[in-house]
Amino acid sequence: MNLELRSIIEPGNIRLERLTLRVKSALDIGDFLVAQVGWVGSEPSIQIYHTFWFPYDQITAGDLVIIYTREGTPSKKALKAGNTAHFFYWGLDNPIWANDFRGAAVMHVPEWKARIATELYRPSSP
């Protein structure tokens, strides 16, 4: 996978709590989704607590992707090594990473389908 989970920084501190990822080769970040998942033993469980689907944007190999848990405005910052740090914000009111039984999962989802719930409603059978 071209997007690598790196670290959780300042877990429990809503102002500073963030998840960091590194881009291994050029990609469209909008093809990726990050989820906070439950954790059992040494593996993720099927429980998903929070998700973040990135907006579409081309990102270069070596760039950093940072997702703050709190509210904020997406931005970019040039790094000394010539790469870019891309900042995103989950928009949550409380920290989510100070829990030993949760983990992060990154998913590559370039193809998907969606429909609004009202289009999917079906009358109940008697």
Side-chain angles (χ1 to χ4, degrees):
M1 181 172 295
N2 296 333
L3 187 58
E4 173 183 64
L5 292 164
R6 290 189 65 219
S7 60
I8 294 170
I9 300 170
E10 294 285 337
N13 180 342
I14 190 61
R15 192 171 67 76
L16 299 174
E17 183 178 81
R18 60 201 181 272
L19 175 69
T20 68
L21 303 97
R22 172 148 334 256
V23 178
K24 294 169 67 176
S25 62
L27 53 81
D28 189 323
I29 196 71
D31 287 341
F32 292 85
L33 181 143
V34 170
Q36 183 197 39
V37 297
W39 209 263
V40 178
S42 62
E43 297 190 9
S45 72
I46 61 170
Q47 295 171 307
I48 296 178
Y49 296 95
H50 300 281
T51 58
F52 185 89
W53 200 338
F54 293 97
Y56 288 104
D57 192 14
Q58 293 297 316
I59 299 199
T60 306
D63 283 0
L64 293 177
V65 174
I66 298 102
I67 310 171
Y68 278 88
T69 304
R70 63 179 169 83
E71 287 278 343
T73 303
S75 62
K76 298 177 184 183
K77 177 183 175 183
L79 301 173
K80 290 180 184 176
N83 297 98
T84 302
H86 303 263
F87 298 93
F88 298 93
Y89 297 84
W90 225 303
L92 302 175
D93 294 328
N94 297 302
I96 61 171
W97 294 114
N99 185 321
D100 292 342
F101 301 104
R102 304 279 169 91
V106 62
M107 298 171 224
H108 186 224
V109 290
E111 188 173 322
W112 53 273
K113 301 251 186 241
R115 290 175 64 190
I116 191 165
T118 55
E119 292 178 7
L120 298 170
Y121 290 155
R122 298 286 186 259
S124 298
S125 302

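Every heavy atom of this structure was used, including side-chain atoms; hydrogens, water molecules and symmetry mates were not.
The distance from atom CG of D63 to atom CD of Q58, rounded to the nearest 0.5 Å, is 11.5 Å. Atom CD1 of I67 and atom CG of L92 lie 10.5 Å apart (nearest 0.5 Å). A distance of 10.5 Å separates NZ of K77 from CG of L64, quoted to the nearest 0.5 Å. Note that the CD1 atom of I14 and the OH atom of Y68 stand 11.5 Å from one another [nearest 0.5 Å]. Distance check, rounded to the nearest 0.5 Å: OG1 of T84 to CG of L79 gives 6.5 Å. If you take CD on E10 and CD1 on I8, they are separated by 12.5 Å, rounding to the nearest 0.5 Å.
Cluster membership check: I48 shares its hydrophobic cluster with W39, using side-chain heavy-atom separations under 4.5 Å among Ile, Leu, Val, Met, Phe, Trp and Tyr. When the side chains of ILVMFWY residues are joined at heavy-atom separations under 4.5 Å, either directly or via intervening members, F87 and L5 end up in two distinct hydrophobic clusters. Taken together through direct or relayed side-chain contacts under 4.5 Å among Ile, Leu, Val, Met, Phe, Trp and Tyr, L33 and V37 form parts of separate hydrophobic clusters. In terms of hydrophobic clustering, with Ile, Leu, Val, Met, Phe, Trp and Tyr side chains grouped at heavy-atom distances under 4.5 Å, M1 and F52 are assigned to a common cluster.
Taking H50 as the reference, nothing meets the ring-ring contact (aromatic ring centres under 6.0 Å, His included) condition, with sequence neighbours excluded. For Q47, the side chain to side chain contact (heavy atoms under 4.5 Å, CB included) test picks out S45, Y49, with sequence neighbours left out. K76 meets the side chain to side chain donor-acceptor pair (under 3.5 Å) test with D57; sequence neighbours excluded. For E119, the salt bridge (charged side-chain N to carboxylate O under 4.0 Å, His left out) partners at least two apart in sequence or on another chain are R115.
Looking at heavy atoms from C-beta onward, W53 lies in side-chain contact with V109 at the 4.5 angstrom threshold. Contact annotation: the side chain of V65 approaches that of V23 to within less than 4.5 Å [non-hydrogen atoms, C-beta and beyond]. Counting heavy atoms from C-beta outward, Y56 and D31 have side chains that approach closer than 4.5 Å. Looking at L27 and F32, their side chains come closer than 4.5 Å, going by heavy atoms from C-beta outward.
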From CA spacing to verdict: side chain to side chain contact (heavy atoms under 4.5 Å, CB included), I9, L16: CA-CA 7 Å; I9 300 170; L16 299 174; over 6 Å; no

Is there a side chain to side chain contact (heavy atoms under 4.5 Å, CB included) between L21 and V34? Walk through the geometry before answering. CA-CA 10 Å; L21 303 97; V34 170; 4.2 Å; yes

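Listed by first and then second residue, the side-chain hydrogen bond (donor to acceptor under 3.5 Å, both in side chains) pairs involving residues 89-106 amount to none (not counting sequence neighbours). Within the structure, every pair that satisfies the side-chain hydrogen bond (donor to acceptor under 3.5 Å, both in side chains) test and touches residues 12-24, not counting sequence neighbours, is listed here: S7-T20, E17-T69.
By the 30° and 60° cut-offs, the orientation of the rings of F88 relative to H86 is parallel.
I46 CD1: 12 or fewer foreign heavy atoms inside a 6.0 Å radius.
A pairwise comparison of heavy atoms in N83 and A61 identifies ND2-O, 3.1 Å as the closest pair.
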